[in-house]
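We number each residue from 1, following the sequence as shown.
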Amino acid sequence: MEDEKDKIREDNDDQLINGAFQHLLDCYLASRHRKKVDIITKAFNFARQAHKGVRRLSGEPYIMHPIAVAQIACEEVGLGSTSICAALLHDVVEDTDYTTEDIENIFGSKIAQIVDGLTKISGGIFGEQASAQAENFKKLLLTMSDDIRVILIKICDRLHNMRTLESQPANKQYKIAGETLYIYAPLSNRLGLYKIKSELENLSFRYEHPDEYNSIKSKLVSTEASRHELFDQFTAPIEEALHNMGIKYQIKERVKTPYSIWNKMQNKHVTFDEVYDILAVRIIFTPEKREEEVNECFNIYVAISKIYKSHPDRLRDWLSHPKANGYQALHVTLMSKQGRWIEVQIRSDRMDEIAEQGFAAHWKYKDGMEKEFTEDETELNEWLRTIKEILDDPQPDAMDFLDAIKLNLFASEIFVFTPKGEIKTMPTGCTALDFAFSIHTFLGSHCIGAKVNHKLVPLSHKLKSGDQVEILTSKAQHVQASWINFVSTAKAKAKIQAILRRNGREIQKRGEDILDEFLQKNNIENTTAVADKLTIFHEARNREEFFQALGEKTILLGEKDLDELHGKNTDEGKKGWRRLVPFLGKNKAKKEDTPQEFFIVPEKFNRKKPIFINDDNIGQYKFRHCCHPIPGDDILGFIDNKHRIEIHKRDCPVAAKLKTSYGNRILDAKWDMHKRLFFDATIHMEGIDRMGMVMDISSVISSQMNVNIHKFTITSEEGVFDGDIDIRVHDREDVKTIIDQLKKIEGIQEVTQIM
């Protein structure tokens, strides 16, 4: 009977696998690439055999994952046979006994090189303290600078993992979703994979903030009919105009994703109904001659601006100077007859394909064949060169490294001219010093100022699009530590840090000597464990920072350090409870008399199960001030270096880095509070000032809501006021109720909670 069941299951699996592979082949054969079916079939059979009998957490055969990754690479990114083979084989070396050499012997060096780049590594670049995730990401980028397909396939792999994230436990979901939002979504955007970037952001949002996601999703469904009606009414006269012009076109409705809507609601402090650009219109046309497509975009713009009035400040021209990720289009915002601003994106079919598939689509428009990725994409290569420079000078700390890469992923940009009139693309918000480092390290490190449009400006001057910049240098000038505070590009930060580190090594050496002398004097052996213990005790980020502080004499060693090394410091619990007291109401302060020790995570702790924070055990957890979580917030736990649990909001910037660098230490955390304790919250208000405004605000909070006001500051100038109110609340629900009540007061324009 069991054998019969196994046979049925095996037959079903075979049917499923063969169907998925046939679908992949059909998509590949329908593409413009050379029809190398044999090598793809060979890679499929090899991978199928290698993963035989293995299943994913969802229960499906493991081979379905590589097939799905290859399907995304082929259908959604437009890659060819080499990439499809590498996608099918990407987990073979990591999960089976086969080696990279075996792949090279059977499939050749190019596929083997890509598979090797996709295989996780053992052994460290940053040292044993560092994060394995950052190590793997670094290896990925190193291989990527030789062949961009490595990162494209990794993004396909990540997209499929996000699509099937449901079967993972919650702590893994937060880790993978956080990493996706922090690294892979900006990376997809930088490579022009706009559609994939949007889906990655949306899926991350869905797992990190399920309630908000479902709320926005249901609001989008309920407003769908009115959106369609607006779209039809708005596009009818445009279609008529395009038809009269004899243009071959299609008009698409683009709806903002739940993540984009939520992001706008957070950043602009608006409600769902106040997000005006949920609907956008996309005009995609096929030009008769490829060289006429830019002119055609402007012809369409002229035609539609005769129908509707355009917004003068919202014309975005990415035709003459495409974005660094290859994106080309003309964006115009028009006033509809219903009194709503609607953005219209005008682009050719070629531009549309590049917008959807990014750099992978460029090669399709060369000769339709899969080619090696050549050196003719200057923007891409410039970007890869910057990444290579960061990799050539390894950061001692995994978080610094990820920050440096992250800085390089933002695609908003400006165009700046050299004195000779050459154009250079720079990120928005960059300074004259960033520009100097982008040209040459020597120029940056000896820069004393700049002339922008022939006017003298300081190093920190922010550049604008169209500026002409001349860098002024002096041999007497040297890199200053303060520079790091105002440069904004990854290249400049990496170079400044490298030079400062070189200069700081002497100070660190002095610090090492001071520690050595101190330990010898007290008959303690100088080991890395001792240095690590003191590094944690003095709350330095790493050993280098600790030695630096010793060398600069900002840390002085003494009795307290000996007590720490001999295990005599026992006031940790008290110190931690005092740190928590500001969160709690006065009526609970008496608990300080009997402080709770921090919960220490035991060795065999089940990290898949959620931890529950209640009124009695709240003192056992560390509440960091970076995001000030209160009951009702979506939270997670993080196991720190002393095996204690820190609590962060899931969207806290510090938590984002922790998820990306130390994902295996993330825990699912939930509130189980019963409105017994009070927490501090700050509410910010802005509005039109009038007599009695302060009284009305106090009345709503104190009388109606019965909430204790801890502090109230308000400033008024020329009839406009803004103020902050510190209150004590039980949870996020209280805050929402208070904000809703304050919004009803006459004259108040905006009410938000300050983190």
Side-chain angles (χ1 to χ4, degrees), residues 385-410 414 416 418-419 424 426-464 467-514 535 538-556 653 657:
R385 208 169 8 258
T386 303
I387 281 185
K388 223 166 185 175
E389 283 178 14
I390 296 167
L391 296 168
D392 288 342
D393 185 69
Q395 303 282 339
D397 186 88
M399 303 286 256
D400 288 348
F401 163 71
L402 286 166
D403 275 351
I405 293 296
K406 186 85 164 69
L407 272 175
N408 217 44
L409 294 180
F410 292 108
I414 58 171
V416 182
T418 66
K424 280 199 72 93
M426 296 291 293
T428 303
C430 72
T431 62
L433 188 57
D434 286 305
F435 182 72
F437 272 106
S438 77
I439 296 169
H440 200 279
T441 306
F442 179 85
L443 213 59
S445 48
H446 294 288
C447 178
I448 52 169
K451 278 186 179 176
V452 173
N453 307 326
H454 311 293
K455 285 183 187 162
L456 200 61
V457 296
L459 301 176
S460 57
H461 176 82
K462 287 198 174 175
L463 302 176
K464 296 194 293 292
D467 281 347
Q468 188 168 24
V469 187
E470 181 189 348
I471 299 299
L472 307 173
T473 60
S474 161
K475 284 186 179 173
Q477 176 71 295
H478 296 290
V479 171
Q480 312 290 313
S482 59
W483 288 5
I484 211 84
N485 299 325
F486 59 78
V487 290
S488 66
T489 58
K491 183 172 182 176
K493 277 210 165 156
K495 290 294 175 195
I496 292 166
Q497 281 170 335
I499 293 163
L500 289 174
R501 268 202 307 279
R502 241 188 344 261
N503 299 343
R505 277 181 201 128
E506 285 177 30
I507 300 169
Q508 281 178 29
K509 181 75 183 74
R510 204 183 310 147
E512 287 175 40
D513 293 342
I514 290 168
T535 299
H538 286 283
E539 295 185 345
R541 285 187 310 163
N542 48 45
R543 280 202 296 265
E544 286 77 9
E545 194 178 274
F546 172 61
F547 289 137
Q548 182 94 6
L550 278 181
E552 289 169 343
K553 297 205 165 61
T554 53
I555 288 178
L556 298 171
K657 290 186 200 175

Under 4.5 Å between any side-chain heavy atoms of [X] and [Y], yes or no?
| X | Y | result |
| --- | --- | --- |
| Thr431 | Leu459 | no |
| Leu472 | Leu456 | yes |
| Leu463 | Phe435 | yes |
| Ile499 | Ser445 | yes |

Legend entry - Set of residues satisfying side chain to side chain donor-acceptor pair (under 3.5 Å) with respect to Glu545, sequence neighbours excluded: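 Partners of Glu545 under the side chain to side chain donor-acceptor pair (under 3.5 Å) test: Arg541.
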Main-chain N/O of [Y] paired with [X] side-chain donor or acceptor, under 3.5 Å:
| X | Y | value |
| --- | --- | --- |
| Gln477 | Cys447 | yes |
| Gln468 | Asn453 | no |
| Asp467 | Val452 | no |

From [atom1] ([X]) to [atom2] ([Y]), nearest 0.5 Å:
| X | Y | atom1 | atom2 | value |
| --- | --- | --- | --- | --- |
| Arg543 | Thr535 | CZ | OG1 | 7.0 Å |
| Asp434 | Ile439 | CG | CD1 | 11.5 Å |
| Gln480 | Ile496 | CD | CD1 | 10.0 Å |
| Gln548 | Glu512 | CD | CD | 11.0 Å |
| His461 | Leu433 | NE2 | CG | 13.0 Å |
| Lys475 | Ile448 | NZ | CD1 | 13.5 Å |

Inset, instruction - Please work out which of the three classes, parallel, tilted or perpendicular, describes the rings of His440 and Phe442, given edges at 30° and 60°. - result: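 Correct class here is perpendicular.
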Inset, instruction - Classify the angle between the aromatic ring planes of Trp483 and Phe437 as parallel (below 30°), tilted (30 to 60°) or perpendicular (above 60°). - result: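 Geometry flag for Phe437 against Trp483: perpendicular rings.
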Show the nearest heavy-atom pair for residues [X] and [Y], with the distance to one decimal.
| X | Y | result |
| --- | --- | --- |
| Cys430 | Thr489 | CB-CG2, 4.3 Å |
| Ala481 | Leu500 | CA-CD1, 3.8 Å |
| Met426 | Ser438 | SD-OG, 3.7 Å |
| Val416 | Lys464 | CG2-O, 4.4 Å |
| Ile471 | Ala432 | CD1-O, 3.6 Å |
| Ile514 | Gly551 | CD1-CA, 4.4 Å |

Inset, instruction - Have a look at Pro419 and tell me which of Glu470, His454, Lys451 forms a side chain to side chain contact (heavy atoms under 4.5 Å, CB included) with it. - result: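 When Glu470, His454, Lys451 are each tested with Pro419, the side chain to side chain contact (heavy atoms under 4.5 Å, CB included) holds only for Glu470.
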